[in-house]
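Input: a single structure, listed below in structure tokens.
Computed from a predicted model, the values in this text were never measured in an experiment.
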Amino acid sequence: FLMDSPWPMVHRSTYAQASSPYPGLMPEDDIKVDYEFAITIPGTLSYTSLDYAAGNRAIWYNNAVRVGKMDVSSRNDIKDIDNIFLGGPTDQVLSTAYSLLDVDGIYYHFYTSHVYAYTNALIGDVKSDIIEIRRLNLRTVPGLLKSERDLPVGLSITYDGYLAFATREGNLAIMTRTFTNIQIVNLGQGEEVSNGIACDEDGGIYVVTSKHMHRVQWNGSVLHMGWTADYEVGPEKQVGGRIGAGSGSTPSLMGTGADRDKFVVITDGQELMHIVLFWRDEIPHDWVPIGPGKDIRIAAEVPVRFGDINAKTSVSEQSLTVRGYGVMTVNNDYGFRGSASLPETVDLLRVTFTNLRRFAPYGAERFQWDPTTRRLRTVWANREVSCPNGIPSMSAASNMAYCIGQRNSVWTLEGMDWDTGESRFYKRLGLALRYNSFYSAIVVGPNREMASGTSSGIMRLTVS
């Protein structure tokens, strides 16, 4: 029920793997950079389907003040087709961070306590203006938002076409794409959500909170709790740059189809962060806990040191990049601690300067699950690469991982070999703030095109 496009939703698919079968940019490419102003940070980008006959395509986006659509048909430049003002800037950035484009060309997103649906003004014409076709104030839904502070967080779509989302204060909900038949599961008291969610083909909906990893089950008619597992959530106040307590990653799904082992994967909240794999379905009958006091559903818990064997801390706010049984994470330790006396937005604003030497983090690390030994091991660590704040991605066709990075404070596009972690190439973008990815993802589009939201607009990178 997703749009048949190169990148229709945050993290690309309901598995939230941020990996694409499409080829990305390569070391031999002469790369051209186009930019279009969009006032504030676009939360996520969604490509339309490819109209090969007319050569038309567009990118939907939304941010803290508006929703819009960019024309990316031309190889010469990109330009705003239309946008609609939603309201003044909100400090509740998580409510604007998730969106998706469905099979009917309808774009869904949140703004504060509302969910919106937009589409093309002219059916089938991606270059036409945009129109709002429906909205719902979620505060009118009994039992959904627990307080005035509570807001929607995360958005996905089930395999039978229902919208699934969480709320900041720990509800998981499902509804039709016409905003009806809403069902709610309470994840528990004091469970906060600060990441996206994932869905599998068997009705599993996965959400990690500040206290637990949950699977909520949808059987096509009833929503109910599946399983709940403990994990190491770490200190309540996290390293600066983190958005919430506990895990900093959207749950990603590992293992598909006939694969014997199937997992949901997160990073935990320990000061020395770990990659954690949970058995997604039934726990193998011969499985025993990996250690004293550990939840039996945990299949692996491996520290992330980014190549520094003496590391005492590590942190990432970015979701994991998953392909097959491989998983990669990047370092977001900016070297400062959040202050309990300062609002969350102050920590977020510091991300503005994470290309500078004082704050720039370094390191990426990839792990691999071995189904024979049933162990997770480090494959490589790259200590030199710096991916300050953007969500990385990978291209299976190019066998490369990508991120918006920095070198000597200059923003870059970084390309790393998926098998070895070696830097394959980098493209200097510039010092300007407009190249700062600011928690946005670098996405893989058609024709080796790539795009990213930035602090003030959308950046596209193509073969010139």
Side-chain angles (χ1 to χ4, degrees), residues 2-35 44-53 55-60 70-78 101 126 252 254 256 318-328 330 364 366 368 379-380 382 385 387 390-405 412-429 437 440-453 458-464:
L2 280 172
M3 171 63 70
D4 181 15
S5 88
W7 204 283
M9 66 177 292
V10 62
H11 309 310
R12 189 176 184 273
S13 74
T14 64
Y15 266 41
Q17 295 182 332
S19 63
S20 171
Y22 288 80
L25 293 165
M26 297 294 288
E28 62 270 20
D29 293 335
D30 185 9
I31 299 172
K32 179 177 181 289
V33 182
D34 299 306
Y35 171 84
T44 51
L45 308 180
S46 296
Y47 270 91
T48 62
S49 61
L50 307 182
D51 183 351
Y52 290 103
N56 296 332
R57 62 184 185 276
I59 293 175
W60 284 87
M70 292 275 183
D71 183 359
V72 292
S73 304
S74 171
R75 297 190 67 84
N76 297 321
D77 59 12
I78 62 176
L101 189 63
V126 300
S252 297
M254 176 188 285
T256 62
Q318 309 313 326
S319 293
L320 298 164
T321 308
V322 174
R323 191 73 181 182
Y325 281 138
V327 53
M328 185 192 79
V330 296
R366 207 202 104 192
Q368 187 79 16
V379 177
W380 54 256
N382 182 326
V385 71
C387 306
I391 302 171
S393 65
M394 78 87 61
S395 160
S398 302
N399 200 42
M400 293 180 64
Y402 301 93
C403 74
I404 297 299
T412 60
L413 171 69
E414 300 284 335
M416 293 173 283
D417 189 286
W418 181 252
D419 292 332
T420 67
E422 295 179 3
S423 175
R424 294 285 306 280
F425 77 94
Y426 68 94
K427 165 70 176 177
R428 289 168 60 94
L429 303 173
S437 49
S440 294
I442 179 72
V443 308
V444 181
N447 305 317
R448 306 219 321 274
E449 175 178 301
M450 304 186 75
S452 175
I458 292 176
M459 172 174 58
R460 183 186 67 167
L461 302 100
T462 56
V463 179
S464 64

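No more than 12 heavy-atom neighbours from other residues, nucleotides or ligands sit within 6.0 angstrom of CD on Glu422. By the neighbour-count criterion of 12 heavy atoms within 6.0 Å, atom OH of Tyr426 is sparsely surrounded, having that number or fewer from other residues, nucleotides or ligands.
Within the structure, salt bridge (charged side-chain N to carboxylate O under 4.0 Å, His left out) contacts touching residues 16-29 (residues at least two apart or in different chains) are Asp29-Arg448.
Distance check, rounded to the nearest 0.5 Å: OG of Ser49 to CG of Asp4 gives 7.0 Å. To the nearest 0.5 Å, the span separating OG on Ser440 from CG on Leu45 amounts to 6.5 Å. Here SG of Cys403 is found 12.0 Å from CD1 of Ile391. Values are rounded to the nearest 0.5 Å. Rounded to the nearest 0.5 Å, atoms CD1 (Ile78) and CG (Asp34) are 6.0 Å apart. Separation of atoms CE (Met400) and CE (Met416) is listed at 8.5 Å; rounding is to 0.5 Å. If you take CG on Asn447 and CE on Met450, they are separated by 13.5 Å, rounding to the nearest 0.5 Å.
Under the rule for a side chain to side chain donor-acceptor pair (under 3.5 Å), the partners of Asp71 that lie at least two apart in sequence or sit in another chain are Ser73. Thr412 pairs by the side chain to side chain donor-acceptor pair (under 3.5 Å) definition with Glu414, not counting sequence neighbours. A search for side chain to side chain contact (heavy atoms under 4.5 Å, CB included) contacts involving Ser319 returns His11, Thr250, not counting sequence neighbours. Residues satisfying the side chain to side chain donor-acceptor pair (under 3.5 Å) criterion with Arg12, sequence neighbours excluded, are absent altogether. Under the rule for a salt bridge (Lys or Arg N to Asp or Glu O under 4.0 Å), Arg323 has no partner lying at least two apart in sequence or in another chain.
In this structure the side chain of Arg75 never reaches within 4.5 angstrom of the side chain of Lys32, judged on heavy atoms. The closest side-chain heavy-atom distance from Leu320 to Met254 is not below 4.5 Å. You'll find the side chain of Val322 stays beyond 4.5 Å of the side chain of Tyr15, heavy atoms only. Residues Asp419 and Trp380 have side chains not in contact (no heavy-atom distance under 4.5 Å, counting atoms from C-beta outward). The shortest distance between side-chain heavy atoms of Met328 and Met394 does not fall below 4.5 Å. The closest side-chain heavy-atom distance from Glu449 to Tyr47 is below 4.5 Å. Side-chain contact between Leu413 and Val33 is absent, with no heavy atoms from C-beta onward closer than 4.5 Å.
Looking at Ser464, its side chain does come within 3.5 Å of a backbone N or O of Asp30 through a donor-acceptor pair. Not a single donor-acceptor pair under 3.5 Å links the side chain of Ser393 to the backbone N or O of Ala18. Without hydrogens or angle criteria, Arg366 side chain to Trp418 main chain gives a donor-acceptor distance under 3.5 Å.
When Thr462, Leu429, Val463, Leu25 are each tested for a side chain to side chain contact (heavy atoms under 4.5 Å, CB included) with Ile31, only one passes: Leu25.
Across all non-hydrogen atoms, the minimal contact from Arg57 to Arg460 is NH2-NH1, 4.3 Å. Contact detail for Val330 and Gln318: the closest heavy-atom pair is CG2-CG, 4.0 Å. Residues Tyr22 and Ala397 share a closest heavy-atom pair of C-CB, 3.9 Å. Here the closest non-hydrogen pair linking Ser46 and Pro8 is OG-O, 3.0 Å. Closest approach of Thr48 to Pro6, counting heavy atoms only: O-CD, 4.0 Å. Nearest heavy-atom pair, Pro23 versus Ser395, reported as atom, atom and distance to 0.1 Å: CA-OG, 3.4 Å.
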